[in-house]
Amino acid sequence: MKNINFLFVLIFGLSLGLTSCEDFLEENVKDQVSVDYIYNSPAGLEVGVNALYNQMRFYNLPSGDNSDLWANVFFMVATDLGLHRTWNTPYGTGHNPQSYTGSKWIQGYKIIDRCSAIITSARTIKMDENAKKRLVAQARVIRGELYLDLKQMYGGILIDTIPTTPQNINDPVEYKVASDADVYRLIDADLDYAIANLPFKVDPGRYGQGVARHIRGKSALWQEDWTEAAAQFDAIINDGTHGLVALVDVWGQNANHKESLFTYQKDFLLGPEDGLAGGGGSWLSSVFTHRTYELNANELIQDVAYGGQALGWFYPNNYLKSLYDQANDLRFKTYYYSDNYQDYKINVPGNPKFGQPITNPAIAAPNGNYRAWHWSLKKYHDTEKLPMTSNSYKDYMYYRLAETYLLASEAHHNLGNDTKALAYLNKVRRRGYTGNPESTVTTFDLTAWTLNNYLDESARELAFENNRWFLLKRLGLLVERQNLYFRSSPSGTISGEVPLKMTPAMVNMPIPQSQIDLMGKPEGFNVGYN
């Protein structure tokens with residue numbers, strides 16, 4: 001099948017302002033990199049791979065307030081663990097092909113096309129074979145990751161490995177839903193190549209064997225290939241390159257620690273736009289944080305320690321809160337801003353009670369004004385974010401070993417090895433209760449592996465990390481669990497909480513209608529949507 005070239009505005013340049021070397025250009029372009037250079041030289045091949053990382057950072061961590069941010073936040077919050085206050089409403093009237101953002105679909109296929117261009121062109125580039133294989137392996141991890149993303153999100157998708165070129169852009173194309181077997185065959189082939197050609201130890205912000213195996217294991221879980229999944233996860237755990245870190249360091253200011261399988265790199269001095277090496281400012285640190293400084297202007301001003309500039313658009317819900325042993329599980333106060341008002345001190349200079357606990361917010365904010373005061377997420381807290389901005393340049397850990405342990409636990413349970421499944425599950429749990437990743441304290445260990453125990457521990461450890469939606473969908477529980485526990489509070493108050501209805505069709509995200517129309521409205525896409 002020829003490439004799905006009309007699905008996006010053709011961009012031969014990735015993020016470096018690439019252009020072609022056509023004869024009609026009379027001037028030498030000095031601030032751009034030619035396509036010929038990218039796809040026909042060793043140095044150019046490396047530039048092309050570097051640009052893929054920039055594109056992926058935009059795909060998963062865009063700057064500012066826009067539909068690209070919403071495309072990512074949705075999967076973090078629209079689960080059984082979330083509470084919506086304002087901004088975009090999950091599963092609302094805009095959740096349809098005509099209105100819902102097409103960011104993931106469109107950006108995903110753009111990057112896939114450029115991955116395929118790099119993979120294809122590398123075959124004819126003469127350079128050190130090991131160096132070439134390592135570059136191609138990075139492009140193939142990204143392509144495999146994106147196809148798995150699209151498959152998980154949309155269900156019925158297109159696959160193609162032929163890059164768009166000036167010579168084939170107008171070729172006829174047949175658009176049809178790829179079979180599950182074909183999709184997973186492509187994903188697994190890309191990831192297996194990467195595993196064979198990437199080392200475990202890589203520089204921060206680079207794909208290594210660990211993340212390739214992690215994604216490969218996830219693909220195996222979707223195919224219910226428990227043996228393959230367990231083998232991939234065990235290989236990461238047993239290698240020793242990655243390891244759990246102290247609880248206080250997991251979401252600390254340094255995201256490039258041993259637990260990280262992959263972290264997106266941010267740098268204000270090399271930014272501050274998505275197309276530049278340092279990237280633009282992310283709003284994640286503000287999206288999930290309550291605005292304590294609105295409680296009482298005489299007692300509180302914006303303080304980085306309390307989250308700084310905050311938006312309070314989404315929060316963890318009471319169901320998630322009920323899953324924590326609040327007295328003993330250290331994650332409750334490490335991963336979340338406290339909901340005990342006495343933990344917040346008056347910080348207005350000149351206030352005679354400076355440094356003392358703030359006034360009871362139940363008095364300052366009757367009926368629990370959620371915007372100003374609610375139990376909220378601290379994972380993306382940025383101690384270096386300026387007080388009066390939502391922009392954060394903190395590095396963003398996207399894959400981490402704690403999830404590997406939990407997924408490995410599931411795989412081994414399905415292989416009938418509950419001894420190992422519990423050992424992995426309790427490894428993460430012990431760290432949660434003691435703060436120590438090497439703890440041998442068994443006081444709070446789970447003694448039986450059940451689906452509920454597994455899902456609850458996964459929620460406690462990984463909430464709001466872009467995995468819950470996909471886990472529940474894979475297990476066939478997404479609609480049931482979301483309808484039971486997800487809440488919306490348009491009024492931003494306790495009394496205003498209401499459930500939001502998720503229909504069975506919504507387990508597959510809506511492909512933009514504009515893309516469906518461009519494809520000629522083929523069958524098999526957006527099944528269940530009007």
Side-chain angles (χ1 to χ4, degrees), residues 3 5 10-23 25 28-59 109-147 160-169 186-213 215-216 239 241 261-265 270 275-278:
N3 202 350
N5 51 59
L10 182 61
I11 298 179
F12 288 108
L14 292 169
S15 59
L16 303 174
L18 311 183
T19 185
S20 64
C21 291
E22 299 292 344
D23 292 338
L25 290 178
N28 290 324
V29 181
K30 300 184 184 298
D31 63 347
Q32 297 179 329
V33 183
S34 74
V35 171
D36 287 346
Y37 174 76
I38 290 291
Y39 301 129
N40 292 287
S41 71
L45 193 66
E46 186 167 2
V47 169
V49 171
N50 289 342
L52 291 178
Y53 285 104
N54 231 23
Q55 289 282 296
M56 285 299 292
R57 184 179 56 197
F58 173 72
Y59 174 81
Y109 276 112
K110 279 185 184 180
I111 304 170
I112 284 171
D113 188 69
R114 295 304 87 202
C115 288
S116 295
I118 288 170
I119 294 164
T120 301
S121 64
R123 297 169 188 161
T124 59
I125 296 176
K126 294 182 179 180
M127 61 183 293
D128 178 82
E129 281 300 312
N130 289 330
K132 181 196 292 189
K133 287 179 179 179
R134 188 171 294 191
L135 289 170
V136 171
Q138 292 171 75
R140 292 190 72 167
V141 173
I142 292 172
R143 189 172 70 176
E145 175 187 19
L146 285 169
Y147 270 126
D160 187 21
T161 59
I162 303 173
T164 305
T165 68
Q167 291 73 37
N168 66 24
I169 190 170
L186 174 57
I187 292 169
D188 294 345
D190 275 346
L191 295 171
D192 287 342
Y193 180 93
I195 290 166
N197 291 285
L198 289 176
F200 269 101
K201 293 183 179 180
V202 293
D203 292 334
R206 288 281 173 180
Y207 283 90
Q209 192 177 142
V211 73
R213 287 187 181 276
I215 300 169
R216 180 67 175 87
D239 174 75
T241 298
L261 300 179
F262 182 78
T263 294
Y264 286 107
Q265 307 298 299
L270 297 176
L276 299 176

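Residues N197 and R140 have side chains not in contact (no heavy-atom distance under 4.5 Å, counting atoms from C-beta outward). No side-chain heavy atom of K132 sits less than 4.5 Å from a side-chain heavy atom of L135. Here the side chains of Q265 and N54 are not in contact, with every heavy-atom distance at 4.5 Å or above. Using a 4.5 Å cut-off on side-chain heavy atoms (C-beta onward), T263 and P204 make no contact. With contacts defined as side-chain heavy-atom distances shorter than 4.5 Å, the pair F58/Y53 does not qualify.
The backbone N or O of D192 lies less than 3.5 Å from no partner atom in the side chain of R216, so there is not a single donor-acceptor pair. Checked by atom type and distance alone, the side chain of D190 never pairs as donor or acceptor with a backbone atom of I142 at under 3.5 Å.
Closest of all the heavy-atom pairs between Q138 and Y207 is CG-O, 4.3 Å. Nearest heavy-atom pair across A194 and V141 is CB-CG2, 3.0 Å. When all heavy atoms of R57 and L276 are compared, the pair lying nearest together is NH2-O, 2.8 Å. Scanning all heavy atoms of the two residues, the minimum distance from V136 to A122 falls at CG2-CB, 3.5 Å. For P42 against M127, the heavy-atom pair with the smallest separation is CG-CB, 3.7 Å. I118 and A139 make their closest contact through CG2-CB, 4.1 Å (heavy atoms, listed as atom of the first residue, atom of the second, distance).
A search for side chain to side chain contact (heavy atoms under 4.5 Å, CB included) contacts involving D128 returns N130, A131, not counting sequence neighbours. Judged as a side-chain hydrogen bond (donor to acceptor under 3.5 Å, both in side chains), and not counting sequence neighbours, Y193 has no contacts. For F200, there are no ring-ring contact (aromatic ring centres under 6.0 Å, His included) partners, not counting sequence neighbours. Judged as a side-chain hydrogen bond (donor to acceptor under 3.5 Å, both in side chains), and not counting sequence neighbours, R134 has no contacts. Annotation: side-chain hydrogen bond (donor to acceptor under 3.5 Å, both in side chains) contacts of Q209 (sequence neighbours excluded): R213.
Within 6.0 Å of the NZ atom in K133, the count of heavy atoms belonging to other residues, nucleotides or ligands does not exceed 12.
How far CG of L261 is from OG1 of T241: 10.5 Å, rounded to the nearest 0.5 Å. Atoms CG and CG, from N50 and L45 in turn, are 10.0 Å apart once rounded to the nearest 0.5 Å. To the nearest 0.5 Å, atoms OH (Y264) and OH (Y59) are separated by 8.5 Å. Within the model, atoms CD of Q55 and CG of L146 stand 10.5 Å from one another, a figure rounded to the nearest 0.5 Å. Remark: L191 CG to L186 CG distance equals 9.0 Å, nearest 0.5 Å. If you take NZ on K201 and CG on D203, they are separated by 12.5 Å, rounding to the nearest 0.5 Å.
Pairs passing the side chain to side chain donor-acceptor pair (under 3.5 Å) check and including a residue from residues 115-127, sequence neighbours excluded, read S116-R143.
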